[in-house]
Amino acid sequence: MGRLAAYLGPRTSVSALVEGGSYSLSHQAADHPDGYGLAWYPEDERPEPVVMLSTTSAARAAHEMDVPRRYSASCAVASVRKADHLPVDPSGAQPFRAGHVLFSYDGVLENFEEVFLRPLREGLSDVQYRSLRGSSAEELRFATWLDALEDDGADAMATALEKMVERVNGLAQEAGVAASFAVVVSDGSCLVTLRT
């Protein structure tokens, strides 16, 4: 389990998404010690976001924030995580990036290995299957979402999220287990969020 944050608006310090506010991600990171991720769309000619991933707790990573403190962005996504079991699967580090899109997920799929792992992997396209670096629940949902993503823009991202949720909820209902999660996706010009 972890925590997510996302920002879309006037340009602001990238680090503010992690450090800003009285209930910031870095403040919450004391209870989420297994790392953090931060991604933003810099003001340059490239559409791809910059992604920073760390296995250090955001609460202890003040020196790592030196880079994002120097940049501003109008769109950023961040997360802190607490692994359900050790060792931490590095393939679950978020936010995930594919080209110009970002994906960040938090939630629980009850009995993940027994109920969801194999069907989600087997349901992937060849392209997404070959792109997997591990077998984390987060990475599999990201790949499932990418397979459903057919176009650019908020509507296409939302439709792909709905398809991903239908797939996951169908497996959960069939097995009689719980599935609850929150997701944030972005292409730099819009954010789409979903909570089940």
Side-chain angles (χ1 to χ4, degrees), residues 1-8 35-41 47-49 51 53 75-85 88-196:
M1 291 294 291
R3 297 286 185 264
L4 305 176
Y7 175 80
L8 180 68
Y36 73 94
L38 176 59
W40 70 93
Y41 292 84
E48 300 86 7
V51 177
L53 301 173
C75 183
V77 175
S79 65
V80 294
R81 69 179 178 159
K82 181 176 183 179
D84 295 331
H85 52 79
V88 176
D89 185 344
S91 72
Q94 302 179 69
F96 294 110
R97 171 186 60 198
H100 67 290
V101 296
L102 291 171
F103 177 101
S104 197
Y105 162 92
D106 178 51
V108 174
L109 297 183
E110 186 180 2
N111 298 332
F112 172 73
E113 287 83 6
E114 296 84 2
V115 174
F116 299 95
L117 178 60
R118 186 171 183 161
L120 287 178
R121 284 182 74 96
E122 290 178 353
L124 294 175
S125 68
D126 290 343
V127 170
Q128 292 306 322
Y129 188 88
R130 286 192 301 270
S131 74
L132 294 176
R133 295 179 295 129
S135 59
S136 71
E138 299 88 352
E139 186 184 28
L140 282 173
R141 277 171 290 231
F142 175 50
T144 301
W145 176 72
L146 284 175
D147 265 345
L149 187 63
E150 297 177 352
D151 206 351
D152 290 329
D155 289 341
M157 291 191 297
T159 298
L161 280 178
E162 290 171 358
K163 290 178 180 177
M164 186 263 297
V165 168
E166 286 173 11
R167 175 78 172 124
V168 170
N169 282 345
L171 293 170
Q173 290 171 2
E174 186 177 302
V177 298
S180 62
F181 48 91
V183 182
V184 174
V185 296
S186 181
D187 63 3
S189 61
C190 60
L191 287 170
V192 179
T193 63
L194 175 142
R195 183 172 182 224
T196 66

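Hydrogens, waters and symmetry mates play no part in the numbers below; they use all other heavy atoms, side chains included.
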>> Test: ring pair (Phe, Tyr, Trp, His ring centres under 6.0 Å). Region: residues 114-140. Which pairs qualify, not counting sequence neighbours?
In response: none
>> With ring pair (Phe, Tyr, Trp, His ring centres under 6.0 Å) as the rule and sequence neighbours excluded, what pairs involving residues 135-158 come up?
In response: F96-F142, F103-F142, F103-W145
Show which side-chain atoms of residues 182-194 pair as donor or acceptor with protein atoms under 3.5 Å away, not counting sequence neighbours.
from : atom 1 : to   : atom 2 : distance (Å)
S186 : OG     : G188 : N      : 3.0
S186 : OG     : C190 : O      : 2.8
D187 : OD1    : S189 : N      : 2.9
D187 : OD1    : S189 : OG     : 3.0
D187 : OD1    : C190 : N      : 3.0

> How far does CZ of R195 sit from CZ of F181, to the nearest 0.5 angstrom?
Replying inline: 12.0 Å
> Which value, rounded to the nearest 0.5 Å, describes the distance between D106 atom CG and L4 atom CG?
Replying inline: 5.0 Å
>> Ignoring hydrogens, what is the shortest heavy-atom contact between T196 and A179? Give both atom names and the distance.
In response: OG1-O, 3.9 Å
>> Let me confirm one number: the CZ-CG distance from R130 to L124, rounded to the nearest 0.5 Å.
In response: 11.5 Å
> Is it the case that more than 12 heavy atoms not belonging to E174 sit under 6.0 Å from its CD atom?
Replying inline: no
>> If you compare all heavy atoms of P95 against all heavy atoms of V77, which two are closest, and at what distance to 0.1 Å?
In response: CG-O, 3.6 Å
> How about N111: does its CG atom have over 12 heavy atoms from other parts shown lying under 6.0 Å from it?
Replying inline: yes
> Heavy atoms, side chains only, cut-off 4.5 Å: are T159 and D151 in contact?
Replying inline: no
>> Taking the side chain as everything from C-beta on, heavy atoms only, tell me whether V101 gets closer than 4.5 Å to L146.
In response: yes
> Say you draw a straight line from CG of L38 to CD of Q94; how long is it, rounded to the nearest 0.5 Å?
Replying inline: 13.0 Å
> Which heavy atom of R141 sits nearest a heavy atom of M164, and at what distance?
Replying inline: O-CG, 3.8 Å
> Which heavy atom of L140 sits nearest a heavy atom of S135, and at what distance?
Replying inline: CD1-O, 4.3 Å
> Considering all heavy atoms of both residues, which atom of G37 and which atom of L53 are nearest to each other, and what is their separation?
Replying inline: CA-CD2, 3.9 Å
> Measuring from E139:CD to Q128:CD, what's the distance to the nearest 0.5 Å?
Replying inline: 9.5 Å
>> Nearest 0.5 angstrom please: R167 CZ to N169 CG, how far?
In response: 11.5 Å
> Looking only at heavy atoms, which two atoms of A76 and W40 are closest? And how far apart?
Replying inline: CB-CB, 4.0 Å
